[in-house]
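Since the structure comes first, as structure tokens, the remarks are kept for the end.
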Amino acid sequence: MRKIIRFIDIPPSWLLFFMGAGWGLDEIAPLGLVAPTPIVGGVVMACGVVLAVWAALVFRRSKTPVFPRRRPEALVRSGPYAVSRNPIYVADLVILLGWSAAIGSAWPAFLTPLFMLILQKRFIDGEEAALREGFPEEWEDWSAKTRRWL
């Protein structure tokens, strides 16, 4: 059971949960604040996917694991990591906001701060601690120059 929970407790699962929660809340209590714009939402979500894939490829090129809670083999500072310490999580936020536009609901956008908080507490804090421990000098330099989100 613990293995299943660990498998499920990954950022994409949380993204899907928040996408579903936003849609579900809109079904229960529509706000009517946003007109559905599936094309715009789709383009925004596609941008998020491209960013996530680019960031994952940079990780792969650096021979360090993409999945959370695995020991980092390198501190990646190139590509999208030159702008954000967490471009894959930024990509998840972009996808969630694109979903908001695609379905014409403000709920997913309203849930974004909670989603960010969960990512921070469940994943980012531990990842940053591992990087700080494994690459202390590089970490200090990079984290001082590079923002967590944007």
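What you see is a predicted model; the values in this text were computed from it and never measured. Atoms considered below: every heavy atom in the structure, side chains included; atoms not considered: hydrogens, waters and symmetry mates.
- Using a 4.5 Å heavy-atom threshold, the side chains of Met116 and Leu93 count as touching.
- Tracing side-chain contacts under 4.5 Å through hydrophobic residues (I, L, V, M, F, W, Y), one reaches Trp23 starting from Leu16; they form part of the same cluster.
- Residues Gly98 and Val44 approach most closely at CA-CG1, 3.6 Å, considering heavy atoms.
- Under the 4.5 Å side-chain heavy-atom criterion for grouping Ile, Leu, Val, Met, Phe, Trp and Tyr, Tyr89 is connected to Val66 within one hydrophobic cluster.
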For Lys145 and Arg77, what are the C-alpha separation, side-chain angles and deciding distance, and is it a side chain to side chain contact (heavy atoms under 4.5 Å, CB included)?
CA-CA 10 Å; Lys145 294 176 184 171; Arg77 298 184 290 181; over 6 Å; no
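- Residues Trp99 and Val43 do not share a hydrophobic cluster, defined by chaining ILVMFWY side chains whose heavy atoms lie under 4.5 Å apart.
- Ile39 CD1: 12 or fewer foreign heavy atoms inside a 6.0 Å radius.
- A side-chain N or O of Trp14 and one of Asp9 form a donor-acceptor pair less than 3.5 Å apart.
- Closest non-hydrogen pair, Pro108 versus Ile103, comes out as CG-CD1, 4.1 Å.
- One finds the OG1 atom of Thr112 at 12.5 Å from the CG atom of Leu117 (value rounded to the nearest 0.5 Å).
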Could you give me the CA-CA distance, side-chain angles and deciding distance for Leu15 and Phe115, then say whether side chain to side chain contact (heavy atoms under 4.5 Å, CB included) is met?
CA-CA 8 Å; Leu15 174 60; Phe115 182 52; 4.0 Å; yes
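- Contact between Leu150 and Ser84 at its shortest, heavy atoms only, is CD2-CB, 4.3 Å.
- Applying the 6.0 Å contact sphere to CH2 of Trp142 captures more than 12 heavy atoms from other residues, nucleotides or ligands.
- Summarising the geometry of Ser62 relative to Ala74, their closest heavy-atom pair is O-CB, 3.8 Å, with the distance given to 0.1 Å.
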Salt bridge (Lys or Arg N to Asp or Glu O under 4.0 Å) for Arg148 and Glu128? Distances and angles first, verdict last.
CA-CA 10 Å; Arg148 178 174 285 145; Glu128 290 188 348; 2.6 Å; yes
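- Between Ala102 and Pro36, the shortest heavy-atom distance links the atoms O-CB, 4.0 Å.
- The nearest pair of heavy atoms linking Val58 to Pro80 is CG2-CD, 4.0 Å.
- When side chains are defined from C-beta on, Ile88 does not count as touching Leu51, because their heavy atoms never get closer than 4.5 Å.
- Under the 4.5 Å side-chain criterion, counting only non-hydrogen atoms from C-beta, Arg85 is in contact with Ser143.
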Side chain to side chain contact (heavy atoms under 4.5 Å, CB included) assessment of Leu96 paired with Asp92
CA-CA 6 Å; Leu96 186 59; Asp92 289 344; over 6 Å; no
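- Hydrophobic clustering (side-chain heavy atoms under 4.5 Å, transitive across Ile, Leu, Val, Met, Phe, Trp, Tyr) groups Phe17 together with Leu111.
- Scored by the side chain to side chain contact (heavy atoms under 4.5 Å, CB included) test, Pro72 finds Thr64, Ala130, Leu131, Phe135 as partners (sequence neighbours excluded).
- For the atom pair Leu97 CG and Cys47 SG, the distance stands at 12.0 Å (nearest 0.5 Å).
- Counted within 6.0 Å of CD on Glu133, heavy atoms from surrounding residues, nucleotides or ligands total 12 or fewer; the atom is thus considered open.
- The side chain to side chain donor-acceptor pair (under 3.5 Å) test applied to Ser100 returns no partner, not counting sequence neighbours.
- Within 6.0 Å of CZ on Arg132 lie more than 12 heavy atoms contributed by other residues, nucleotides or ligands.
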Check step by step if side chain to side chain contact (heavy atoms under 4.5 Å, CB included) holds for Val83 and Val90.
CA-CA 11 Å; Val83 179; Val90 170; over 6 Å; no
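- Looking only at side-chain heavy atoms (C-beta outward), Asn86 and Tyr81 stay at 4.5 Å or farther from each other.
- The closest side-chain heavy-atom distance from Arg69 to Phe123 is below 4.5 Å.
- With a 4.5 Å cut-off on side-chain heavy atoms, Ile124 and Trp149 count as touching.
- A donor-acceptor pair is defined here as one N or O able to donate and one able to accept, closer than 3.5 Å; no such pair exists between the side chain of Trp54 and the backbone of Val49.
- A heavy-atom distance below 4.5 Å is found between the side chains of Leu114 and Phe18.
- With sequence neighbours excluded, no residue forms a side chain to side chain donor-acceptor pair (under 3.5 Å) with Lys63.
- Contact check for Glu73 versus Pro65: side-chain heavy atoms found under the 4.5 Å cut-off.
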